[in-house]
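In each ligand, atom 1 is the first atom listed, and ligand 1 is the first ligand listed. On a predicted model such as this, the values are computed, not experimentally measured, just so you know.
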Amino acid sequence: MGYRVVVVGATGNVGREMLNILAERQFPVDELAVLASRRSLGTEVSFGETTLTTKDLDTFDFTGWDMALFAVGSEATKVYAPKAAAAGCVVIDNSSLYRYDPDIPLIVPECNPEAIHGYKNKNIIANPNCSTAQMVVALKPLHDRAKIKRVVVSTYQSVSGAGKEGMDELWDQTKAIYNPTTDVEPKKFQKQIAFNVIPQIDVFMEDGSTKEEWKMVVETKKIVDPSIKVTATCVRVPVFVGHSEAVNIEFEEFLDEDEARDILREAPGIMVIDKREAGGYVSPIECAGDFATFISRIRQDSTIENGLNLWCVSDNLRKGAALNAVQIAELLGREVLKKG
Ligand SMILES: NC(=O)c1ccc[n+]([C@@H]2O[C@H](COP(=O)([O-])OP(=O)(O)OC[C@H]3O[C@@H](n4cnc5c(N)ncnc54)[C@H](OP(=O)(O)O)[C@@H]3O)[C@@H](O)[C@H]2O)c1
């Protein structure tokens with residue numbers, strides 16, 4: 001016996017990737033409903049070899065469905081996730097709406113699987129921000145060995161992190177560079193993204209950081225350890241899929257770079273590619289479509305007593321969103337619902 005699963009936002013970047021991953025990982029699905037807005041009513045989406053037709057979220061009845069993987073923005077989530085949860089369907093949400101609610105677990109299965117039981121509070125589980133998810137997969141096994149005091153991270157985030165419209169804007173602006181009669185005005189991003197980088201993701205906060213940077217701080221504390229200090233600079237780059245991060249870590253104890261490499265090699269969800277030669281590291285174009293979080297450039301930071309640097313790359317639509325949500329669904333099935 002399997003599960004009755006709903007994918008909400010099935011026409012979007014994350015929703016489509018959820019369908020791919022549910023099929024690739026042979027998630028035990030008995031029945032699958034795919035939902036989007038009324039605008040896309042009847043749009044066809046693929047699930048493995050099958051084609052499914054989207055239904056309207058607004059009129060869908062969640063009664064009798066086991067779990068709903070939500071990948072719509074916070075506004076739609078605010079309206080529909082409580083309805084699904086009240087109907088007895090467990091919501092696994094990709095938006096930021098519930099991540100900071102102390103009654104709602106925020107889960108990266110490699111880091112804090114034990115938090116799954118907190119789903120009972122509201123029948124809702126939150127999925128972290130894409131830039132946080134890949135970083136904590138790397139931090140957790142190192143923290144377990146040498147206790148992390150402080151993290152300084154700079155991100156290089158792809159346009160797919162801003163949804164379908166973000167990808168279209170990079171594509172259209174890139175074409176327009178060669179055909180200047182076309183309109184290249186930024187709409188989704190604050191400045192031109194083609195052949196440029198933009199040091200702003202999400203809105204500004206009072207202290208001068210952006211909301212994306214704030215999310216990395218708060219979510220790392222909630223998932224790994226509240227004592228870890230994080231300072232982040234988040235940058236949008238003209239890459240379609242795959243977020244990269246340069247991470248500097250200060251530990252309480254000394255951790256040798258070779259030992260760190262060994263720990264990361266053994267850690268779940270991680271693939272170490274670190275050859276210290278030209279091209280012996282992973283770039284975002286190589287991680288697209290993959291499940292792993294790739295770690296390269298592991299090296300001592302000799303400017304502080306107990307410091308390490310590393311480079312972390314992952315498919316933001318997968319580990320940063322859809323894969324993590326499906327892993328939570330697997331965890332929920334294994335630990336709680338026990339049907340599969
Ligand atoms: N992209 C990432 O790397 C990433 C990572 C982590 C979390 N997230 C989060 O995941 C969510 C989805 O992101 P995305 O990148 O997939 O966005 P997207 O490509 O723009 O897709 C948005 C999806 O939501 C649906 N939708 C929007 N408003 C709706 C409404 N009122 N009723 C029903 N359906 C509605 C859209 O349906 P239509 O096609 O009918 O408009 C579409 O299926 C967002 O909350 C985002 O913050 C994204």
Could you say whether the N/O atoms of [X] and ligand 1 ever approach to under 3.5 Å?
X: T11; value: yes
X: A162; value: no
X: Y80; value: no
X: G320; value: no

- Could you tell me the separation between the CG atom of N316 and the OG atom of S131, rounded to the nearest 0.5 Å? 9.5 Å
Between [Y] and [X], is there a salt bridge with N-O shorter than 4.0 Å?
X: D66; Y: R4; value: no
X: K319; Y: E110; value: yes
X: D202; Y: K215; value: yes

- Would you call L317 a ligand 1 contact, heavy-atom distance under 4.0 Å?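 Checking ligand 1 against L317, which is what was asked, there is a heavy-atom contact under 4.0 Å.
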- Query: What part of A76, side chain, backbone, both or neither, has a heavy atom within less than 4.0 angstrom of ligand 1?
  - Reply: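 For A76, only side-chain atoms sit under 4.0 Å from ligand 1.
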- Message: side-chain hydrogen bond (donor to acceptor under 3.5 Å, both in side chains), that's the test. Do Q134 and S314 meet it? Break it down for me.
- Response: CA-CA 6 Å; Q134 67 184 69; S314 196; 4.6 Å; no
For [atom], tell me which residue out of [options] has the closest non-hydrogen atom.
atom: atom 40 (O) of ligand 1; options: S40, S96, S160; answer: S40
atom: atom 47 (O) of ligand 1; options: D93, N94, V79; answer: N94
atom: atom 25 (C) of ligand 1; options: L97, T43, V72; answer: V72

- Message: On the six-membered ring of F251, is R150 placed so that its NZ or CZ lies under 6.0 angstrom from the centre and within 45° of the ring axis?
- Response: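 Pair R150/F251 does not count as cation-pi.
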- Query: Are F62 and Y80 close enough that their ring centres sit under 6.0 Å apart?
  - Reply: no
